[in-house]
Amino acid sequence: FRSLPPGSRRLLGTAARGFLVLRDLVFGFFSRVASLARAVKLRINLRGAVFAVLILAVGAAGAVKGNNLLFLVFSALTGILVSSILLTWLTARRIEAARVVPTAVFAGEPFTVTLRIRNGKRFLPAFAIRFDDRLHQDGRAAHAQPSPIHLPYAGPRERVRAPYSMVGLHRGPACLGPIALTSEFPPGFATFRVSLPVLDDLVVFPRRAVLLRRAVITLLSRVESADM
């Protein structure tokens with residue numbers, strides 16, 4: 001370092017100080033984003049973490065070389081990451097859900113439930129939202145759970161209906177809910193999850209079966225003989 005000319009030493013010292021300042025700013029920014037994500041139930045995915053490391057590498061290269069093009073790329077990549085995280089949170093806000101449950105449900109037979117979804121936002125649409133419903137019997141989750149419901153798009157103040165099927169394996173009281181809402185705005189750097197307290201009770205009736213005519217006649221004859 002001492003063998004370098006004075007001008008080169010000053011330039012190298014300035015670049016090192018700029019790198020340290022940029023490092024503190026980037027780490028402070030991402031720590032702030034992480035704390036905000038925990039507060040609003042956001043989770044940074046692996047893709048988001050890799051993308052953040054790439055942003056940090058580009059910023060470090062720009063600070064060392066003093067290249068304006070690298071700083072431009074750094075700003076563009078940071079904007080993509082922040083906008084994806086922000087839209088992941090915004091698109092899942094003010095989403096309302098309710099179910100339409102059939103009146104008669106029989107054990108072992110699939111039945112259809114309709115999920116009524118409303119986007120309560122005035123100006124922003126909702127993109128790429130997934131709903132996961134749950135069926136509980138005997139105080140625990142049933143073995144057969146319905147498939148996730150995907151909502152590709154819902155405009156502002158728009159109402160959408162999404163039918164899906166599920167099955168109760170045995171008779172008795174059952175409970176639907178709560179509904180897990182998951183938002184992951186493309187390209188999927190972060191995931192927002194929240195539980196919607198939408199609960200519905202229903203009764204699963206015994207399994208229906210076809211009685212043979214011979215068995216019915218035999219049963220009726222036994223009843224008649226018992227009465228006599």
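Taken to the nearest 0.5 Å, the CG atom of Leu90 stands 11.5 Å off from the CZ atom of Phe127. Taking CD1 from Ile55 and OG1 from Thr78, the interatomic distance works out to 4.5 Å, rounded to the nearest 0.5 Å. Taking OH of Tyr164 as the reference point, atom CG of Leu115 lies at 5.0 Å (rounded to 0.5 Å). Within the model, atoms CZ of Phe131 and CD1 of Ile117 stand 4.0 Å from one another, a figure rounded to the nearest 0.5 Å. Separation of atoms CG (Leu69) and CZ (Phe74) is listed at 14.0 Å; rounding is to 0.5 Å.
Put simply, Val198 and Val101 are part of the same group of oily side chains (I, L, V, M, F, W, Y) that touch within less than 4.5 Å, one to the next. Cluster annotation: Leu87 and Val82 are assigned to distinct hydrophobic clusters (Ile/Leu/Val/Met/Phe/Trp/Tyr, side-chain heavy-atom contacts under 4.5 Å, transitive). By the criterion of side-chain heavy atoms lying less than 4.5 angstrom apart, applied directly or through intervening Ile, Leu, Val, Met, Phe, Trp or Tyr residues, Leu124 is grouped together with Trp89 in one hydrophobic cluster. A chain of hydrophobic side-chain contacts below 4.5 Å, direct or via other Ile, Leu, Val, Met, Phe, Trp or Tyr residues, connects Leu86 to Phe192. Val194 is connected to Ile95 through a chain of hydrophobic side-chain contacts under 4.5 Å among Ile, Leu, Val, Met, Phe, Trp and Tyr, so both are in one cluster.
Every ring-ring contact (aromatic ring centres under 6.0 Å, His included) that Phe106 has, sequence neighbours left out, goes to Phe205. By the side-chain hydrogen bond (donor to acceptor under 3.5 Å, both in side chains) test, Asp201 pairs with no residue at all, sequence neighbours left out. Taking Arg207 as the reference, nothing meets the side-chain hydrogen bond (donor to acceptor under 3.5 Å, both in side chains) condition, with sequence neighbours excluded. Partners of Asn119 under the side-chain hydrogen bond (donor to acceptor under 3.5 Å, both in side chains) rule, at least two apart in sequence or in another chain, are Lys121.
Within the hydrophobic cluster formed by Ile, Leu, Val, Met, Phe, Trp and Tyr side chains joined at under 4.5 Å, directly or through other members, Phe123 stands alone, with no partner residue. Cluster partners of Val53, using a side-chain heavy-atom cutoff of under 4.5 Å among ILVMFWY residues and allowing indirect links: none. Taking Ile, Leu, Val, Met, Phe, Trp and Tyr as hydrophobic and joining them when side-chain heavy atoms fall under 4.5 Å apart, one finds Leu46 in a cluster with Val50.
Among pairs with a residue in residues 80-99, those fulfilling salt bridge (Lys or Arg N to Asp or Glu O under 4.0 Å) read Glu96-Arg118, Arg99-Asp133, Arg99-Asp200, at least two apart in sequence or across chains. Under the ring-ring contact (aromatic ring centres under 6.0 Å, His included) criterion, the residue pairs touching residues 41-64 are Phe51-Phe189, with sequence neighbours excluded. Sorted by first and then second residue, the salt bridge (Lys or Arg N to Asp or Glu O under 4.0 Å) pairs involving residues 104-116 (not counting sequence neighbours) are Glu109-Arg208.
Nearest heavy atoms, Ala49 versus Ile44: N-CG2, 3.9 Å. When all heavy atoms are compared, the tightest approach of Ile85 to Ala190 is CG1-CB, 4.0 Å.
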Using atom types as modelled, flag every donor-acceptor pair under 3.5 Å from a side chain in residues 165-185 to any protein atom, sequence neighbours excluded.
unit_1 : atom_1 : unit_2 : atom_2 : d
His170 : NE2    : Asp138 : OD2    : 3.0
Ser183 : OG     : Thr88  : O      : 2.9
Glu184 : OE1    : Thr191 : OG1    : 2.9
Glu184 : OE2    : Arg47  : NH2    : 3.0

Result block: side-chain N/O donor-acceptor pairs under 3.5 angstrom for residues 150-161, not counting sequence neighbours:
unit_1 : atom_1 : unit_2 : atom_2 : d
Arg157 : NE     : Gly120 : O      : 3.4
Glu158 : OE1    : Gly155 : N      : 2.5

